[in-house]
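The block underneath contains the structure these notes are about, expressed in structure tokens.
Just so it is clear, the structure is predicted and the values come from calculations on it, not from any experiment. One-based numbering along the sequence shown. Atoms within a ligand are numbered from 1 in the order they appear, just like the ligands themselves.
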Amino acid sequence: MRTAVIYDEIFLKHDLPTHPENALRLKYFMEPVQEMEIPVLKPRQVSYDHLRAVHSENYITDVIVSCRETAPGFFDPDTYYNSYTCDAALVAAGANEMGVELLLSGEYDAVFCAVRPPGHHAERDRAMGFCIFNNVAVAAVKALSMGVGRVFIVDFDAHHGNGTEHIFYNEPRVFYFSTHQYPFYPGTGSDKENNNHILNVPMREGSGDIEYKTVYSGIFREAVRKFKPQIILVSAGYDLHRDDPLTGLEVTDDGVEFIVKEIVDAGRELSAPLLFTLEGGYNLSALKRCSERTFKVLLES
Ligand SMILES: [Zn+2]
């Protein structure tokens with residue numbers, strides 16, 4: 001597949017070295033990108049129109065003012081900010097917007113937004129769980145604004161993407177599919193929340209390759225076939241890996257490669273391009289290996 005990565009050094013400046021969601025993560029993630037000589041493109045800031053379609057005006061202003069006037073600090077007990085956080089978050093969302101443009105113009109088949117801070121816990125009006133702006137939601141809104149009628153989001157991060165689910169709960173043009181450890185942080189993601197375009201598949205602590213292969217080759221592929229999306233967005237959180245220090249799943253390198261391959265095959269079947277955006281993943285060497293496996297699948301497909 002014609003594959004590109006979107007990345008900017010501003011993402012490294014949002015940093016707290018003692019926090020699991022720190023800048024080193026992205027350095028490790030980018031090593032295979034450089035070794036495999038994948039084209040790296042520089043993003044711009046998100047357009048305010050698309051950001052306002054996802055987040056409230058008050059919340060956006062709060063982020064901007066906090067970073068400018070009260071940094072460093074915390075938006076919630078988990079979510080730190082420094083004076084660069086706002087710029088990094090605006091560019092992370094902008095990378096997602098740009099990725100959608102590149103895919104819909106036909107220039108690439110797959111784009112990976114190697115961004116920080118991550119996004120899927122961010123709610124319309126608040127930061128949460130290391131996330132400031134909901135990057136994948138911005139990508140979905142961008143695709144809708146360009147005339148795409150059916151957007152499929154698949155979220156394999158070990159945590160449920162509460163923000164993404166809530167933002168699109170009443171938007172049937174966006175399908176949200178999530179596998180996540182359950183019960184677990186953030187507490188949402190029960191299958192009782194499912195409707196005809198929200199499909200949570202809660203995974204028990206200790207679930208590994210066998211359980212994930214069953215879900216991704218079965219219920220995931222069926223959901224994509226039925227919805228027939230014109231683009232697939234992936235909240236790629238690699239904290240489902242067995243080596244991750246924050247979670248309790250048992251997925252191996254091979255399991256991650258299998259999941260990515262199912263997503264790629266689902267897209268190819270419908271000629272739907274793929275936008276990946278980085279969410280979690282807190283064991284540095286596992287994150288690097290997951291990056292390698294992901295790009296190997298994309299380049300070989
Ligand atoms: Zn996570």
Is the distance from the Zn ion (ligand 1) to the nearest N/O/S atom of Glu279 under 2.8 Å? no

In Asp157, which N, O or S atom comes closest to the Zn ion (ligand 1)? OD1

Can you tell me which N/O/S atom of Asp239 has the shortest distance to the Zn ion (ligand 1)? OD2

So, His180 and the Zn ion (ligand 1): N/O/S under 2.8 Å, yes or no? no

Test Tyr81 against Phe75 for ring pair (Phe, Tyr, Trp, His ring centres under 6.0 Å), laying out the working first. CA-CA 7 Å; Tyr81 62 91; Phe75 289 119; 4.3 Å; yes

is_close_aromatic(Phe168, Tyr176), centroid dist under 6.0 Å: no

Which single N/O/S atom of His159 lies at minimum distance from the Zn ion (ligand 1)? ND1

Validation row, ring centre Phe177 to ring centre Tyr216 under 6.0 Å: yes

Should the heavy atoms of other residues, nucleotides or ligands under 6.0 Å from CZ of Arg52 be counted, would the total exceed 12? yes

Determine the interplanar angle of the Phe112 and Tyr238 rings, folded into 0 to 90°, and report it as parallel if under 30°, tilted if 30 to 60°, perpendicular if over 60°. parallel

